[in-house]
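The structure under discussion appears below in the form of structure tokens.
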Amino acid sequence: MRTISLALKIPLAELFGTVSFYHHLSQSPPGQSAPRVCDGPVCRLRGSKQLLAELSDQNATQMPCAGRCDDFIPVLKGAEVLIGTTADNLQVCPSPLPPPNPGQTEECVFSQIRQPNRSTVLGYRQTGGYDGFIRMLDLMRPADVIHALEDSQLAGRGGASFPTGLKWKTVAEEKRGPKTIVCNADEGEPGCFKDRAIMDYDPHAVIEGMLIAAYATGANQGFIYLRYEYPETLNILAQAIEEAQMSGFLGDSILGSDFDFQIHIRRGAGSYICGEETALLNSLEGKRPFPRNRPPYPVTNGFQDLPTAVNNVETLASVPQILRNGAEWYRELGLNGHSGTKIISLSGDIQYPGNYEIPIGLPLSTLLYDWAGGATSGREVQAVTMAGVSGGFLAKKDLDVKLDNQSVTEKGSILGSGGVIVFDDSRNMVEVAANAMEFFAEESCGKCFPCRIGTQRLTERLTMNPPIPSKEVWLTEVKEIGQTMKATSACGLGSVAPLITDSLINYFPDQIEKYLDRQE
Ligand SMILES: Cc1cc2nc3c(=O)[nH]c(=O)nc-3n(C[C@H](O)[C@H](O)[C@H](O)COP(=O)(O)O)c2cc1C
Ligand code: SF4
């Protein structure tokens, strides 16, 4: 660190701040070569603690959810992800392809993903890829593209559901430049693995989406901010970008037009908060990745303080299909007046885990039972998490909720980025809640104290450390800490973390009672 600090003229303290912020930067040997075992909520169900113990002679450490929840336990070693259940059966294996859609409903993002060779330019072109972009270059003005996006009602799929057309319009209307498109491929939410599937099997759809975004907004540079835990995806994306360049889809004067656009990949180093768009921008600029105060928003003051559109992988991969098939086609994919589709990453105690592209408005129970076969080994579904773990739990009659933003919010949860983790009736929900809160406490960036201290205090309440004075005090404290966090946290991490404790109190008073009785 001293050598780097001198060579790059960065104060040692600042460098220390960076090195200690990210999971995968190590201050002592063996560093990268030591195995890191996923300790996310789904891998815990599968015995990750045991695997960690088995690998202890190799100095193994744990890492937060590595986004392979539809597979065996992932272990990151050097530049490879191995998967397995014991130290002896770990092996390199491609990530699973999304299962065929069992619901017979029309798909958007996944409609071509299972075609062979879809990840090459040739395979992509043979299945209609880049058609929308070529047509756009020939026939559409940037304003027409934005109008089509607004008409489709596409909203961000990264969690906040902000209308994509409006975001692009604001960037397009800004006079300052150069403008930037950022593809948010950080996917750090436990239980979410949809962006990985899109990038692994359909990388050109992401590139085409970024090209269309750039044309519409007037941007000429793009970044894909990719989470560290996806090393194979890094290679796939790098190859796809190179192929796109060689085929004339990226670079200067694209396909003979006066439109220039280049894409660069930037790799995260292991930090959940870097998925928050302003923390991501700080990380991209080499700064400490604290979320920025807003306003101003990235659309006017983003990368290097210039207009920037930050979009999720799934959002961008939806765009070429919308341009190809039309806004009305996309709108009508949803049910009950909702527009479009959403990919749900389904994992945990469920017969058929995987990524499912559902029409927005599909009942959760249809997905759980009709599409994914219900709970494993003859058990009942006790609860699910929503939005990875950020939406807290849904249980009992609320498992019937329709999967659209409004319906899920009415149940006190959020649809967010679409991770759903299933817990069967043998699971201790207080333990599950404690693990989720521990994750938030670990990943809180520490910038504002309601979140920094609130997540710690809630973890303590869920692990009986320190002992609590009485049940009444426990309940009052947990509710008050949650309310304060929701009202005063500076970003989404601190304001959603209490949904875990709120929903635990709502659905599982009996399990809380039992947990508190153990102490008294
Ligand atoms: C704590 C936190 C983590 C987030 N992580 C991600 C992420 O991993 N990927 C993502 O696309 N959006 C993530 N978001 C949402 C982004 O801030 C932003 O809304 C999104 O990238 C915008 O793209 P979209 O409009 O296409 O959804 C996160 C937000 C918060 C508060
Ligand atoms: S809410 Fe948490 S993660 Fe967000 S800025 Fe505050 S401390 Fe950081």
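Positions are given from 1 along the sequence. Order of listing sets the numbers, starting from 1, for every ligand and every atom in it.
With a 6.0 Å cutoff to the six-membered ring centre and a 45° limit on the axis angle, Arg266 does not count as a cation-pi contact of Phe223.
With respect to Glu460 and Arg457, a salt bridge is recorded, a charged nitrogen being found less than 4.0 Å from a carboxylate O.
You'll find the side chain of Asn311 stays beyond 4.5 Å of the side chain of Ile181, heavy atoms only. For the pair Met199/Ile236, no side-chain contact is recorded, criterion being any heavy-atom separation below 4.5 Å from C-beta on.
Every atom of ligand 2 with a heavy atom of Gly494 under 4.0 Å away is listed here by number and element: 1 (S). Every atom of ligand 2 is numbered from 1 in the order shown, and the set under 4.0 Å from a heavy atom of Ile273 is 3 (S). Interface atoms of ligand 2 facing Pro291, defined by a heavy-atom separation under 4.0 Å, are 5 (S). For ligand 2 and Ser489, the ligand atoms under 4.0 Å from any heavy atom of the residue are 1 (S).
Around ligand 1 you find Gly156, Arg157, Gly158, Ala160, Lys167, Asn184, Asp186, Glu187, Gly188, Tyr272, Ile273, Gly275, Glu276, Glu277, Val310, Asn311, Asn312, Thr315, Gly492, Leu493, each with a heavy-atom distance below 4.0 Å.
With Cys93 as the fixed residue, the side-chain contact (heavy atoms from CB on, under 4.5 Å) test singles out one of Ile83, Leu82, Val81: Ile83.
The shortest non-hydrogen separation linking Cys65 to Gly191 is SG-N, 3.5 Å.
Counted within 6.0 Å of CD on Glu285, heavy atoms from surrounding residues, nucleotides or ligands total more than 12; the atom is thus considered enclosed. With a 6.0 Å radius and a threshold of 12 heavy atoms from other residues, nucleotides or ligands, Asn293 has its CG atom at or below the threshold.
The single protein non-hydrogen atom nearest to atom 8 (Fe) of ligand 2 is Cys445 SG, 2.4 Å, given as residue, atom name and distance.
In this structure, of Cys451, Ser444, Ala441, Gly454, the residue bringing a heavy atom nearest to atom 1 (S) of ligand 2 is Cys451.
At a cut-off of 2.8 Å, Cys491 does not coordinate atom 8 (Fe) of ligand 2 through any N, O or S atom. Contact annotation: Cys448 places no N, O or S atom under 2.8 Å from atom 2 (Fe) of ligand 2.
No side-chain donor-acceptor contact under 3.5 Å links Asp186 to the backbone of Tyr225. In this structure a side-chain-to-backbone donor-acceptor pair under 3.5 Å is present from Arg288 to Gly17.
At a heavy-atom cutoff of 4.0 Å, ligand 2 is contacted by no atom of Thr455, backbone or side chain.
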